[in-house]
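Reading through the structure tokens given below for one structure.
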Amino acid sequence: MSNVKDSIFLKSLRGEPCDRTPIWIMRQAGRYLPEYQEVRSRLSFTELCHTPEAACEVTLQPIRRFGFDAAIMFSDILTLLEPMGAPFDFSQGGPKLERPLRSEKEIDSLQTYDAQDGTHFVAEAIKLMKQGLGDKTPLIGFAGSPFTLATYLIEGGGSKNYENLKTMLYSRPELLTRLMDKLTDQTIDYLNMQVDAGVDAVQLFDTWGGILHPADYATVILPCVKRIMDSLKDKGVPRIYFLKGSAPYLDLVTTLDVEALGMDWTMDMAKSLPLMKGYAVQGNLDPLALFGTEDQIRDRALDICREGSKAPGHVFNLGHGILPQAPISAVETLVETVQGFRKGL
Ligand code: CP3
């Protein structure tokens with residue numbers, strides 16, 4: 001009988017030898033898939049995140065279609081904020097918060113809660129997903145990093161210059177730290193709940209952690225990431241830290257006790273791997289490379305596979321989420337190429 005612990009995805013993250021390179025892609029469940037659009041024609045994005053059966057269905061869709069080597073639970077990094085008192089509206093395209101949190105009073109109004117209660121629907125969804133996936137395909141749980149969550153809370157949505165967050169950083173750093181600490185506490189409870197519900201690995205998404213000077217990254221962000229990752233150490237699941245734009249912070253990131261580090265497409269594997277010794281790596285094809293020709297996709301994917309095979313473990317991924325306009329045929333080419341790659345060939 002096979003066991004999900006023997007899957008090539010988990011083996012790669014643990015740095016064990018595998019016959020081939022596993023692949024999944026960030027945002028693999030989403031708008032580029034017609035079957036996802038079909039579900040979304042019936043449910044809003046928020047309803048979809050709150051309905052375990054539907055969240056399970058869209059989690060399984062890319063596994064059925066492409067045979068990815070891992071599934072990622074369908075939800076959003078902003079889901080954990082709603083029970084804290086900060087619900088985001090997704091109906092206008094990007095996420096929007098009715099009242100951004102900027103003053104001390106607004107930040108103190110955020111409430112932490114027991115993840116088993118406030119996000120019980122996530123635990124229920126994970127149980128359904130595990131049943132649906134069986135013992136072949138592992139399930140990844142996730143959360144947003146406290147800093148990335150803080151950008152959305154303070155700016156009230158996506159942002160270009162992060163002027164409100166940076167004003168807080170440079171004028172009232174203690175207030176930003178207070179917010180980050182609260183988000184860190186909640187994220188620890190949330191991720192531990194996900195592991196208890198059955199996820200096989202966890203990824204912390206730090207999409208906007210790369211906007212600070214490294215000295216500020218070290219004091220503001222790194223201690224929170226460390227606290228979250230350390231809280232999961234004894235849970236027995238691999239921990240992946242994806243920091244977009246992490247190249248200038250590699251010396252800091254490699255102080256973390258995690259199994260794997262995500263790489264975006266701006267990193268050259270050949271140059272970066274010597275600076276990331278001891279870590280399994282995940283990445284790092286430019287999501288826009290999927291708009292190139294089939295030959296280009298194959299060549300670039302194989303380059304990454306060859307370089308990645310020099311790390312203790314390599315999980316193939318895009319360097320960031322797939323775009324809604326990505327052609328399905330390009331994803332097929334990518335999966336076929338990566339799954340056909342054998343080390344040494
Ligand atoms: O990877 C997966 O397939 C799992 C699901 C997942 C979603 N969001 C679904 C989603 C995951 C892991 C995320 C993470 C997420 N969400 C991040 C971190 C990773 C990244 O991509 O940078 C961030 C920053 C968010 C916040 C967020 N959620 C934004 C900015 C948006 C709107 C912009 C956009 O890309 O649409 C969302 C909405 C969202 N999250 C969608 C999906 C499929 C689109 C919603 C829809 O169907 O209309």
Side-chain angles (χ1 to χ4, degrees), residues 23-51 54-66 68 70-82 86-97 122 125-126 129 133 137 139-153 155-160 162 183 187 190-191 194 199 201-211 240-246 262 264-265 282-283 286-288 315 317-326 331:
I23 175 171
W24 70 280
I25 63 181
M26 291 188 270
R27 296 275 182 105
Q28 65 190 18
R31 285 162 298 179
Y32 72 110
L33 290 178
E35 56 269 39
Y36 173 85
Q37 300 281 15
E38 195 279 318
V39 175
R40 278 282 281 107
S41 69
R42 291 182 274 113
L43 296 171
S44 72
F45 179 66
T46 306
E47 285 166 340
L48 175 49
C49 291
H50 282 83
T51 311
C56 175
E57 165 58 24
V58 297
T59 298
L60 299 179
Q61 284 174 349
I63 307 303
R64 287 190 206 115
R65 187 189 266 271
F66 302 111
F68 285 120
I72 180 159
M73 69 169 203
F74 192 83
S75 186
D76 196 81
I77 60 164
L78 304 176
T79 304
L80 115 160
L81 298 175
E82 189 191 321
F88 278 79
D89 175 10
F90 289 89
S91 62
Q92 311 298 327
K96 280 271 164 295
L97 186 60
V122 174
I126 289 170
M129 292 165 190
L133 290 166
T137 311
L139 180 66
I140 306 166
F142 70 87
S145 91
F147 184 78
T148 291
L149 295 178
T151 66
Y152 286 98
L153 287 170
E155 300 297 337
S159 177
K160 200 159 164 241
Y162 303 94
L183 293 170
T187 304
Y190 186 53
L191 284 174
Q194 290 180 25
V199 300
V202 290
Q203 174 156 325
L204 194 68
F205 285 91
D206 210 348
T207 309
W208 306 123
I211 63 168
I240 310 166
Y241 178 49
F242 172 69
L243 170 62
K244 184 160 165 269
S246 60
D264 71 31
W265 67 94
Q282 181 175 274
D286 184 348
L288 272 298
V315 173
N317 207 314
L318 300 179
H320 194 202
I322 187 168
L323 294 177
Q325 309 79 2
V331 179

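We count ligands from 1, going down the list as the structure has it; atoms in each ligand are counted the same way.
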Using a 4.0 Å cut-off on heavy atoms, what residues surround ligand 1? Order them by chain and number.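 Close residues (ligand 1, cut-off 4.0 Å): Met26, Arg27, Gln28, Ala29, Arg31, Tyr36, Arg40, Phe45, Ile72, Met73, Phe74, Ser75, Asp76, Ile77, Phe90, Pro95, Phe142, Tyr152, Phe205, Thr207, His320.
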Check the orientation of Trp265 and His320. Use parallel for under 30°, tilted for 30 to 60°, and perpendicular for over 60°. parallel
Relative to each other, are the rings of Phe74 and Phe45 parallel, tilted or perpendicular (30° and 60° limits)?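 Taking Phe45 first and then Phe74, their aromatic rings stand perpendicular (interplane angle over 60°).
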Between CD1 on residue Ile23 and CZ on residue Phe66, distance to nearest 0.5 Å: 10.0 Å
Heavy-atom donor-acceptor pair, [X] side chain to [Y] backbone, under 3.5 Å:
{"X": "Asp264", "Y": "Lys244", "value": "no"}
{"X": "Ser75", "Y": "Cys49", "value": "no"}
{"X": "Gln194", "Y": "Phe142", "value": "yes"}

